[in-house]
Number of protein chains: 2
Amino acid sequence: MTRRPTIKDIARRAGVSESAVSFALNGRPGVSQGTRDRVQRVAEELGWQPNSAARALSGLRAGCVGLVLARPAHTLGVESFFLQLVSGVQEVLASRKVALLFQVVEDIDAECAVHRRWWAEKRVDGVLIVDPRAHDPRPALLSSLGLPAVVIGAPASGSGSAELSTVWADDSAAMASVLAHLHELGHRRVVHVAGLPGLAHTERRISSLRTEASRLGLTDARSVTTDYSDAEGAEATRRILDEAEPPTAIIYDNDVMAVAGASVAAERGTAVPAELSIVAWDDSALCRVTHPRLTALVRDTSGFGRLAAQELLDRLDGGPVRSIQAELPRLEPRESTGRVGVRGV
Amino acid sequence: MTRRPTIKDIARRAGVSESAVSFALNGRPGVSQGTRDRVQRVAEELGWQPNSAARALSGLRAGCVGLVLARPAHTLGVESFFLQLVSGVQEVLASRKVALLFQVVEDIDAECAVHRRWWAEKRVDGVLIVDPRAHDPRPALLSSLGLPAVVIGAPASGSGSAELSTVWADDSAAMASVLAHLHELGHRRVVHVAGLPGLAHTERRISSLRTEASRLGLTDARSVTTDYSDAEGAEATRRILDEAEPPTAIIYDNDVMAVAGASVAAERGTAVPAELSIVAWDDSALCRVTHPRLTALVRDTSGFGRLAAQELLDRLDGGPVRSIQAELPRLEPRESTGRVGVRGV
DNA sequence: AAGTTCTACTAATGCGGTTTAGCGGTGTCA
DNA sequence: TGACACCGCTAAACCGCATTAGTAGAACTT
């Protein structure tokens, strides 16, 4: 049970004042190179690390950024998206010794409360915002608090504040590439099983499905929304396949629903891809363990996290508000998509 | 961009000294009830929240606990276990206004480094330890640092320090219940596809498989270890089914591998459960979206998290080191297990 | 009525850093 | 040679809170 060393210890041992130590360790002018080296050596010997509370208190950074995930507990499911995103975020943060405060809450009101509290407690220097929504209260809140933030997932929409940076993927182009793939395989009736209706990217995918489908002359292309859960994915699939003239292809907004949908198809004896093609938006191990393996839209999720974290750090360093586009999702064709009406493989 | 209110503001407005405010807001004696009420009202009006850095600095708590997840990035897969665990942890923490610092790292050495840094920075009051191992360096490290900790997943092993609390599930009993289920269905040849070899619960499951199997007279019961990934789960399954006399049942240590295994079986035309029964350790949406749905060992994972968080808070409040057993995992029989050699349903 | 205890408060100190002001000593320039 | 800037450092103030010591006044002893 060692005592934590402080700059006072270093100062005593190096024979200088505490301020000199502070200057030396922070690369500030005011000490000679010799003293600087000596102080740094002593600090290392003692295994000194700055007390984060003291740092935060003296007006500087808290050395911490926040991420709140607003999802009802029961939908905190199998998606690998978040863990991967977070791991990417932390690669960047850890290298700069910034910690990540993470919280899971039930809904967006609770999320706003958390942001307020973190701000009031001066616990975080900035936050990452996920699941941006069509009418999102968070940008206004954060800019009124003066809390730097980076929105993950939405392009800088006209929704008010040009004060938040954004990291986003081009969902429209991605949707176009999926539809092009299906169209080329002869599909004309396509349904899109989307995620939560309020989310910005859901809306964007839905609208781009519509425009792109009409451009390609696909009849009857439409979207249905769900809560991203396997249950609703399965349920939607059942309803869709029960229709008089069911589609020949379904696009699912996440991997879990796609797998659930594939399972429903198997259960009903609907052959994939002979009678039904399936595309999953976001790849994961899931899409590779099913049989047949699912064609998926692959994104570099942890890369996404890295971009966002980097941008947030830049903002904290006084960088400008930016809108950063991640690389375009790539369609990885596997066995779950095929020519219409052709027994596969 | 409002300024954060401080106790000084409250003091001025309430017409008392700063110390009186501090006493009043912390429920300490030294102020009359009238003053206390007045101060609390003013604090509320101003929307005051204690500055966490200042609190931490004045010798008290950081108001923060840590959780490090040491997993190679590529295995940060689909498992829902962690997100659920974390959500349970936070239900408890949030109600006490304690924040959770979360970090994902590559391996256990990096994890130890994070614990050291957090301690040196006085960033956390305590930590939650997951994935306890057979020869685990963390208990010794943490007790040498004097950092309170709760180990999630291992019973208080003889591995040294009786200084860490523990929250655990009875894996041996769980394994026994699985084997009893399989034995009753007539299975005599069972293989256990385990997780990472170093982990304490992996070892425990393996050893309890052996003792329980010999008790039941199961021949040839054995375990193979993997890295928990779908890839190794599938690979192990292939090898096992290729044997001269393959088992009639396989127990997988997580849901992802179980699904991967089921997929391999489907691919080879091995009927489930007619020719092969499958049990997944840990239930999730995954086990319900496959066809057939997988028999699984259900645990209340978020309840597990709640228990652990509560125990850590108790420790921080000076409570004793305890070893807490979570409720016994329950076997949920579904369609993936059946009588040996009987075409199911 | 003087001494004691208790109540309700204020003043002062410290936590571990950062930062501003200040201060000798040296070098530069007019 | 005096004025001035600069260098390398120290002293002191400050961040927001908790806490200890101290203090005035009221209540209670005896």
Side-chain angles (χ1 to χ4, degrees), chain A residues 2-40 42-43 46-64 97 117-125, chain B residues 2-40 42-43 46-64 97 117-125:
Chain A
T2 2
R3 198 175 60 83
R4 236 174 293 267
T6 73
I7 54 168
K8 193 176 290 182
D9 300 317
I10 302 177
R12 198 178 312 123
R13 204 132 137 182
V16 292
S17 71
E18 295 175 39
S19 358
V21 173
S22 178
F23 292 148
L25 294 175
N26 290 303
R28 289 220 148 48
V31 285
S32 66
Q33 191 58 43
T35 308
R36 194 179 297 274
D37 293 346
R38 189 155 38 92
V39 167
Q40 273 166 358
V42 173
L46 263 46
W48 177 88
Q49 293 284 101
N51 178 318
S52 60
R55 274 242 167 114
L57 188 55
S58 45
L60 248 68
R61 304 277 183 67
C64 206
K97 298 207 175 183
R117 188 154 56 77
W118 280 351
W119 171 80
E121 295 179 347
K122 199 167 169 43
R123 229 184 238 290
V124 297
D125 299 317
Chain B
T2 0
R3 198 175 62 82
R4 237 173 294 265
T6 72
I7 53 169
K8 193 177 292 182
D9 300 317
I10 301 176
R12 201 178 310 124
R13 203 132 137 184
V16 293
S17 71
E18 294 176 40
S19 357
V21 173
S22 179
F23 292 149
L25 294 175
N26 290 302
R28 289 221 146 41
V31 284
S32 66
Q33 192 56 45
T35 309
R36 194 180 296 274
D37 293 345
R38 187 155 38 91
V39 167
Q40 272 166 359
V42 172
L46 263 44
W48 178 87
Q49 293 284 100
N51 179 317
S52 60
R55 274 245 165 112
L57 188 55
S58 47
L60 250 68
R61 304 278 181 67
C64 206
K97 299 207 175 181
R117 188 154 56 77
W118 279 351
W119 171 80
E121 294 178 346
K122 198 169 170 41
R123 227 184 238 290
V124 297
D125 299 316

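These numbers were taken from a predicted model, which means no experiment stands behind them.
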Chain B vs DNA chain C, heavy-atom contacts under 4.0 Å, first-to-last nucleotide span, 5' to 3', is dA8(C) to dG16(C)
Note the angle between the end axes of the helix from dA1(C)-dT30(D) to dA30(C)-dT1(D), five pairs defining each, rounded to 10 degrees.
60°
Starting from the 5' end of DNA chain C, give me the residue, V16(B) or A120(B), whose nearest nucleotide shows up first.
V16(B)
So for S19(A) and dA11(D), does any side-chain atom that can act as donor or acceptor lie under 3.5 Å from a complementary atom in the base?
yes
Without swapping roles, check the side chain of S22(B) against the backbone of E18(B) for a donor-acceptor pair under 3.5 Å.
no
May I ask you to verify if any side-chain N or O of W48(B) is less than 4.0 angstrom from the OP1 or OP2 atom of dC17(D)?
yes
R38(B) side-chain N/O to A14(B) backbone N/O, donor-acceptor pair under 3.5 Å:
yes
Kindly say if T35(A) contacts the phosphate of dC9(D), meaning a side-chain N or O under 4.0 Å from OP1 or OP2.
yes
Taking OP1 and OP2 of dC15(D), is either one under 4.0 Å from a side-chain nitrogen or oxygen of T6(B)?
no
When rounded to the nearest 0.5 angstrom, what distance separates CZ in R61(B) from NZ in K122(B)?
9.5 Å
Tell me the interatomic distance from E18(B), atom CD, to dT19(D), atom C1', rounded to whole angstroms.
13 Å
Calculate the interatomic distance between R36(A) atom CZ and dG8(D) atom P; express it in whole Å.
9 Å
Would you kindly give the CZ-to-P distance between R12(B) and dC17(D), to the nearest whole Å?
12 Å
Check the distance between dC17(D)'s P and N26(B)'s CG and give it to me in whole angstrom.
10 Å
When you measure from the side-chain N and O atoms of R55(B) to the phosphate of dA18(D), is any distance below 4.0 Å, counting only OP1 and OP2?
yes
Would you find a donor on one side and an acceptor on the other, under 3.5 Å apart, between the side chain of D37(A) and the backbone of G34(A)?
no
Pairwise distance CG(L46(B)) to CD1(I7(B)) - rounded to 0.5 angstrom
12.5 Å
Can you tell me how far OG1 of T35(A) sits from CD of Q33(A), rounded to the nearest 0.5 angstrom?
9.0 Å
Ranking S32(B) and A20(A) by the position along DNA chain C of their nearest nucleotide, the one closer to 5' is S32(B)
Between S22(B) and dA18(D), is there a contact of a side-chain N or O with OP1 or OP2 at under 4.0 Å?
yes
Rounded to whole Å, the CZ-P distance (F23(B) to dA21(D)) equals 12 Å
For the pair R36(A) (side chain) and G30(A) (backbone), establish whether a donor and an acceptor sit closer than 3.5 Å, ignoring hydrogens and angles.
no
Whole Å only: how far is the CG atom of N51(B) from the P atom of dA18(D)?
10 Å
Would you kindly give the NZ-to-P distance between K8(B) and dA13(D), to the nearest whole Å?
14 Å
CD of Q49(B) to NZ of K97(B): how many Å apart, nearest 0.5 Å?
4.0 Å
Between R28(B) and L57(B), just flag the one whose closest nucleotide in DNA chain D comes earlier from the 5' side.
L57(B)
Nearest-0.5 Å distance, CH2 of residue W48(A) to CG of residue D9(A)
11.0 Å
Interatomic distance, CG@L25(A) vs CD@Q40(A), rounded to 0.5 Å, equals 6.0 Å
Figure out the CD1/P separation between I7(B) and dC14(D), and round it to whole Å.
16 Å
